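The shown structure was predicted, so the numbers you read here are calculated from the model rather than taken from an experiment.
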Amino acid sequence: MKQKILRFFTYLILLIPVLMIIAPVWVMITGTFMSEGEVFRKIGAILGGSSENVRWTLLPDFPTLKPYVQLLLDSPKFFIMFWNSVRQVIPILIGQLLISVPAAWGFAKCEFKGRKALFLLYIILMIMPFQVTMVSNYLVLDRFKLLDTNFSIIIPGIFSTFPIFIMTKFFKSIPDELLESAKLDGASRFTILFRIGIPLGSSGIVSMVILSFLEYWNALEQPLTFLRDKSNWPLSLYLPEISSSNFGVAFIASVVMMAPSVCIFLRGQTYLEQGIVASGIKQ
């Protein structure tokens with residue numbers, strides 16, 4: 001009996017943070033089915049345009065699909081920004097796979113002079129916030145005439161140090177004895193990488209892709225700094241452009257922007273879990 005009571009109160013305590021996490025998502029989803037007038041009546045006090053108390057019902061009072069029509073049919077700017085995000089994020093992910101996988105394999109399994117010092121430099125660059133390297137990046141991109149183009153976002157993203165740091169941890173978990181056996185069988189370094197390293201490190205690679213996608217799909221500072229022409233802005237800069245006059249559209253825009261991230265996360269959740277486990281394996 002005491003165990004049941006203890007379990008009940010444990011679940012009750014854990015339910016509180018769960019509801020706190022779910023509540024904003026539920027507000028966002030239900031808000032997509034509300035008209036601008038209904039949204040303004042409920043949260044107008046936050047926007048400074050109403051003296052009524054802030055309130056939110058579990059379901060819309062008068063459900064409508066008008067926000068969907070307004071965004072998906074009457075807002076071409078939204079689709080332009082969506083396509084800009086795709087054109088910026090996909091090349092970054094492909095470039096990181098081509099650059100980061102061999103680099104991480106070299107740090108993890110190849111012996112060369114200055115390896116530790118170079119990897120330490122990578123870590124230092126990784127922990128530096130964007131504000132520290134912003135000026136130097138800006139000057140370099142300006143020198144190469146890449147400012148205000150998609151390449152100003154793509155190239156720095158491709159050569160990001162974070163993916164290398166992540167995948168190095170996974171590649172280090174591969175037993176050296178396995179690689180030695182492959183060398184004795186006559187396998188070259190490239191064969192070992194493509195036949196052993198990449199398959200056994202696939203969890204880390206997928207984890208890196210998911211984390212990089214989430215980072216660059218939701219990026220704000222880099223586009224604001226390097227892209228002056230709004231026609232090149234990604235979708236992450238669409239929501240700040242929404243004013244109180246069309247605040248209802250913000251809910252559906254948030255849902256559409258969040259959908260790819262949620263789908264990719266759910267699709268790769270197993271790989272993320274395997275990657276976390278693999279990163280903790282020690283030979």
Side-chain angles (χ1 to χ4, degrees), residues 88-133 136-137 153-185 187-219 221-222 260-283:
Q88 293 169 13
V89 174
I90 299 302
I92 288 176
L93 299 181
I94 295 175
Q96 286 183 348
L97 288 174
L98 296 176
I99 299 296
S100 301
V101 171
W105 180 259
F107 280 122
K109 295 300 180 182
C110 297
E111 294 289 342
F112 58 89
K113 188 175 181 180
R115 183 184 66 166
K116 293 184 178 179
L118 184 58
F119 190 68
L120 178 62
L121 177 61
Y122 267 68
I123 295 177
I124 294 175
L125 293 174
M126 182 188 68
I127 63 178
M128 282 186 177
F130 173 74
Q131 291 79 1
V132 175
T133 59
S136 58
N137 286 339
I153 306 298
I154 295 172
I155 293 179
I158 289 177
F159 294 97
S160 173
T161 57
F162 179 71
I164 298 176
F165 174 79
I166 290 293
M167 286 186 292
T168 299
K169 301 288 290 182
F170 291 101
F171 285 147
K172 281 185 177 180
S173 65
I174 299 176
D176 292 332
E177 289 81 0
L178 183 61
L179 307 184
E180 293 296 331
S181 300
K183 289 180 181 179
L184 293 176
D185 290 337
S188 64
R189 292 185 176 180
F190 289 101
T191 301
I192 294 174
L193 171 60
F194 287 103
R195 294 291 184 88
I196 299 176
I198 293 179
L200 294 182
S202 59
S203 297
I205 295 174
V206 174
S207 301
M208 179 274 295
V209 171
I210 295 174
L211 294 174
S212 294
F213 177 86
L214 296 177
E215 176 183 358
Y216 291 100
W217 184 260
N218 300 300
E221 294 175 324
Q222 294 92 331
S261 300
V262 173
C263 292
I264 290 178
F265 175 80
L266 294 177
R267 187 70 175 176
Q269 187 175 6
T270 302
Y271 291 97
L272 280 173
E273 293 173 355
Q274 293 176 355
I276 293 172
V277 173
S279 64
I281 295 177
K282 294 185 179 179
Q283 182 180 343

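Under the rule for a ring pair (Phe, Tyr, Trp, His ring centres under 6.0 Å), Phe162 has no partner lying at least two apart in sequence or in another chain. Evaluation of the ring pair (Phe, Tyr, Trp, His ring centres under 6.0 Å) rule for Phe165 yields no partner, not counting sequence neighbours. Taking Arg267 as the reference, nothing meets the salt bridge (Lys or Arg N to Asp or Glu O under 4.0 Å) condition, with sequence neighbours excluded. The ring pair (Phe, Tyr, Trp, His ring centres under 6.0 Å) test applied to Phe194 returns no partner, not counting sequence neighbours.
Proximity of Ile205 to Phe170: side-chain heavy atoms (C-beta onward) are nowhere separated by under 4.5 Å. The shortest distance between side-chain heavy atoms of Ile210 and Val206 falls below 4.5 Å. With a 4.5 Å cut-off on side-chain heavy atoms, Val101 and Phe171 count as touching.
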Can I get a per-line list of side-chain donor-acceptor pairs under 3.5 Å for residues 111-126, giving both atom names and the distance, sequence neighbours left out?
| unit_1 | atom_1 | unit_2 | atom_2 | d |
| --- | --- | --- | --- | --- |
| Arg115 | NH1 | Phe107 | O | 3.2 |
| Arg115 | NH1 | Cys110 | O | 3.2 |

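Applying the side-chain contact (heavy atoms from CB on, under 4.5 Å) test between Ile164 and each of Ile166, Thr168, Thr161 identifies Thr168 as the sole match.
Counting only residues at least two apart or on different chains, no salt bridge (Lys or Arg N to Asp or Glu O under 4.0 Å) pair has a member in residues 203-217.
The shortest heavy-atom contact between Met167 and Ala104 is CB-CB, 3.7 Å.
With Gln96 contributing its side chain and Val209 its backbone, the two residues share no donor-acceptor pair below 3.5 Å. Put simply, the side chain of Ser202 gets close to the backbone of Pro199: a donor and an acceptor are under 3.5 Å apart.
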